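All values reported here derive from a predicted model rather than from experimental measurement.
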Amino acid sequence: MPFMHGAVPLRRTYYFLQQGKIFFRENVSVFAMSFHLRPKPEQKGVRDFIFWHWAQLQFNNPKVQLVKHRELEIITPFARAYLDDGREVLFDLEGMGREEIEQQIIQTLGKTEIVRKRESLEAIAKVNPADFGTNCERQCICEVQGQHTCTGLIRAPKTLTGKYRWNHNLL
């Protein structure tokens with residue numbers, strides 16, 4: 001399998017992507033991180049965070065633009081989030097490990113567990129007007145205006161049955 005080549009192919013698996021814990025709130029539109037490729041020991045946590053958690057961030061937050069700034073002329077690594085109302089949230093990530101960075105982002109920009117459970121229940125209970133059946137608004141498709149009535153109520157025309165042929169003398 002070609003996708004399993006390279007450094008740590010575990011990061012490319014669907015199971016690993018689902019394990020991400022950071023789900024941004026609805027008002028986060030852009031999230032940017034700036035880091036060094038050859039960090040000092042106190043800056044290594046940011047590089048590890050990007051190595052292990054960046055793909056999970058992309059997978060769990062498809063509506064958020066994620067930006068990585070490598071090797072900018074900066075002294076300390078940082079993260080910046082741009083909100084919908086024009087505000088910015090700035091994180092100083094100097095001397096933090098990847099777990100600490102993850103927890104700080106979850107606490108400030110992440111959805112709470114209660115909100116995530118509520119959203120998943122709302123998605124399950126979402127009623128689609130195109131559905132029909134016993135637990136939906138319509139029992140049958142024949143209740144929609146413009147559709148043919150049920151064959152259980154009236155006899156279907158011969159042209160709609162499978163046994164009808166245009167020219168019976170062919171066979």
Please report the closest heavy-atom contact between C142 and Q147, naming both atoms and the distance. CA-CB, 4.4 Å
Is the shortest side-chain heavy-atom distance between L57 and F24 below 4.5 Å? yes
N/O donor to acceptor pairs below 3.5 angstrom from side-chain atoms of residues 29-36, sequence neighbours left out:
{"unit_1": "S29", "atom_1": "OG", "unit_2": "Y82", "atom_2": "O", "d": "3.0"}
{"unit_1": "H36", "atom_1": "NE2", "unit_2": "I74", "atom_2": "O", "d": "3.4"}

From CG (L93) to CD1 (I105), nearest 0.5 Å: 6.5 Å
Atom pair CD1 (I50) and CZ (R70), whose distance is rounded to the nearest 0.5 Å: 8.0 Å
Apply the test side-chain contact (heavy atoms from CB on, under 4.5 Å) to residues Q139 and T134: give CA-CA distance (whole Å), side-chain angles for both, the deciding distance (0.1 Å), then the verdict. CA-CA 6 Å; Q139 178 67 29; T134 55; 4.0 Å; yes
Specify the closest pair of heavy atoms between L90 and R80, including all atoms of both residues, with the distance to one decimal. CD1-NE, 3.6 Å
Counting only heavy atoms not in I75, do more than 12 fall under 6.0 Å of its CD1? no
Considering only residues two or more places apart or on different chains, which pairs with a residue in residues 106-120 satisfy side-chain hydrogen bond (donor to acceptor under 3.5 Å, both in side chains)? E26-K111, K111-E119, E113-R116
Closest non-hydrogen atoms of I154 and T149, given as atom of the first, atom of the second and distance, are CD1-OG1, 2.9 Å
F59: which residues meet the ring pair (Phe, Tyr, Trp, His ring centres under 6.0 Å) condition with it, sequence neighbours left out? Y14
Tell me the closest heavy-atom pair linking E71 and R38, and the distance in Å. OE2-N, 3.6 Å
Please name the pair of heavy atoms, one in L37 and one in R47, separated by the smallest distance, quoted to 0.1 Å. O-NE, 3.2 Å
Please determine whether side-chain contact (heavy atoms from CB on, under 4.5 Å) holds for the pair V46 and F91, giving the CA-CA distance in whole Å, both sets of side-chain angles, and the decisive distance to 0.1 Å. CA-CA 11 Å; V46 180; F91 298 95; over 6 Å; no
E102 side chain vs I22 backbone, donor-acceptor pair below 3.5 Å: no
Checking side-chain contact (heavy atoms from CB on, under 4.5 Å) for the pair L66/N61: CA distance, chi angles, key distance, verdict? CA-CA 9 Å; L66 298 171; N61 304 293; 5.5 Å; no
Smallest separation among heavy atoms of E94 and P77, with atom names: OE1-CD, 3.3 Å
I114 atom CD1: more than 12 heavy-atom contacts under 6.0 Å: no
Is any side-chain heavy atom of D85 closer than 4.5 Å to a side-chain heavy atom of N27? no
Between R98 (side chain) and G45 (backbone), is there a donor-acceptor pair under 3.5 Å? no
